[in-house]
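Remarks on the structure that follows.
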Amino acid sequence: MRALRLITWGEPPAPTQVDRPVPHGQEALVRVEATGLCHSDLHLTNAPEGVFRYRLPFTLGHEVAGHVAALGSEAEGGTVGERVVLYGPWGCGACDRCAAGMDNYCDRRDTLAWSGAGLGRDGGMAEYVLVPSVRYLVPIGDLAADQAAPLSDAGLTSYHAIAGLRHTLEAGSTAVVIGVGGLGHLAVQILRATTESRVLAVDIREDALALAYRCGAHFGTLLQADTGHVLKARSGGIGPDAVLDFAGTTASMELAASVLRPGGALAVVGSGGGHLTVRKPGALPQGLSLSLPFWGSRPELAEVIALAHSGAIHVETEQFPLSAATEAFERLRRGRVRGRAVLVPD
Ligand code: FEH
Ligand code: ZN
Ligand code: ZN
């Protein structure tokens, strides 16, 4: 079968022919229908040796939807033909966190040479993907694959980040989304669907602000010198109750800290490599809650899929055939993807 594999650190992934996997024991084999492309895939393919603890080679793709093609003899549940999305974080499978479906916060993560499908283990930028257990599969019913796949990472990560600051999102509150890309545009929709907050969006691109409005943002503004004043004014002059930073740069974090209301919450989701100084006494708002959310739990993924089934969230996607993955990577690298890029095996 065809697979896009990371073979050498620092080199682009290579289209490769590999044997179609055969599931044994509790494993399940999924026929891939769509796999989302994530900024983490860019980080992976740019990284020199030693940045990630993963063993090469492996197939990329950690945001995967398809249908069950075969089951190992000891698979507990699962049905051949069932349409599913992969719960992407794969932990040790034995600690309390993994037992609770929170592989994203596995207690033994630092001992593992992988983070999940396409992250040290073979992923879904291929015709088939082998999954260690059906517990990593979430049914999607008749949801389109290009909708379901991004929900397993972009959607789940946004949903989990919002869950961590929901305590600030009461009626009359204001939430700011910095960065309206693959994750941010879903965060806007999830906020509108699950809170009564006023939602303000910030981005550097006009077309991203247009997407934010289509997703239900009450207001959008380009990132510029007076953005802090604009956001404060748009949040009753007292500042937003919560900021979701999908950029994660020093500028975005400092903007968030400069506008947040005392007792507010900042979730830094983007891996922009920025930093924020925490000092007391210091410039950060009193009572600030800071979170660095990572992916989400399996139960949360089922909740995201249910939200999509309810029609509350829709993923803006740009589809590419798997054979055009190089173009998709380049478009993402240049910030020229609207919403989420999705690769479809051709
Ligand atoms: C995965 C592995 C490592 C870093 C970041 C990620 C995210 O893309 C998962 O959402
Ligand atoms: Zn990702
Ligand atoms: Zn674990």
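Indexing begins at 1, ligand by ligand and atom by atom, following the structure's order. Basis for what follows: all heavy atoms, side chains included, without hydrogens, waters or symmetry-related copies. We count residues from 1, following the sequence as given.
- Distances below 4.0 Å separate heavy atoms of Thr157 from the following atoms of ligand 1: 10 (O).
- Val259 is connected to Phe219 through a chain of hydrophobic side-chain contacts under 4.5 Å among Ile, Leu, Val, Met, Phe, Trp and Tyr, so both are in one cluster.
- Closest protein heavy atom to atom 1 (C) of ligand 1: Leu119 CD1, 3.7 Å.
- Atom numbering of ligand 1 starts at 1 in the shown order; those under 4.0 Å from a heavy atom of Trp295 are 9 (C), 10 (O).
- Ligand 1 lies within reach of His62, whose nearest heavy atom is under 4.0 Å from it.
- Less than 6.0 angstrom separates the ring centroid of Tyr105 from the ring centroid of His160.
- Checked by distance only, ligand 1 and Ser115 stay at 3.5 Å or farther apart across all their nitrogen or oxygen atoms.
- By the 4.0 Å heavy-atom criterion, Phe52 is excluded from the residues contacting ligand 1.
- No side-chain N or O of Thr227 forms a donor-acceptor pair with one of Gln224 less than 3.5 Å apart.
- With a 4.5 Å cut-off on side-chain heavy atoms, Val304 and Ile313 count as touching.
- Our summary of the site lists the angle at the Zn ion (ligand 2) between OD2 of Asp153 and SG of Cys38 as 110°, to the nearest 10 degrees.
- When heavy-atom distances to ligand 1 are checked against a 4.0 Å cut-off, His39 has no atom that comes that close, whether in backbone or side chain.
- Geometrically, ligand 1 and Ser40 share a nitrogen or oxygen pair separated by less than 3.5 Å.
- Per-residue contacts place Cys38 under 4.0 angstrom from the following atoms of ligand 1 (heavy atoms of the residue considered): 8 (O).
- At a threshold of 4.0 Å, the pair Arg333-Asp41 does not count as salt-bridged, since none of the basic side-chain nitrogens sits closer than that to a carboxylate oxygen.
- For atom 10 (O) of ligand 1, the nearest protein heavy atom (residue, atom name, distance) is Asp153 OD1, 2.3 Å.
- Taking backbone and side-chain atoms together, Glu63 has no N/O/S atom less than 2.8 Å away from the Zn ion (ligand 2).
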Fill in: Check against side-chain contact (heavy atoms from CB on, under 4.5 Å), Leu191 and Leu169
CA-CA 9 Å; Leu191 284 165; Leu169 299 177; 3.7 Å; yes
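- Ring centers of Trp114 and His62: at least 6.0 Å apart, outside the cut-off.
- Taking 2.8 Å as the criterion, His39 does not count as a coordinating residue of the Zn ion (ligand 2), since none of its N, O or S atoms falls below it.
- Using modelled atom types and a 3.5 Å distance limit, the side chains of His67 and Glu33 yield a donor-acceptor pair.
- Within 6.0 Å of CG on Asp226 lie more than 12 heavy atoms contributed by other residues, nucleotides or ligands.
- An angle of 110° is found at the Zn ion (ligand 3) between Cys95 atom SG and Cys106 atom SG, rounded to 10°.
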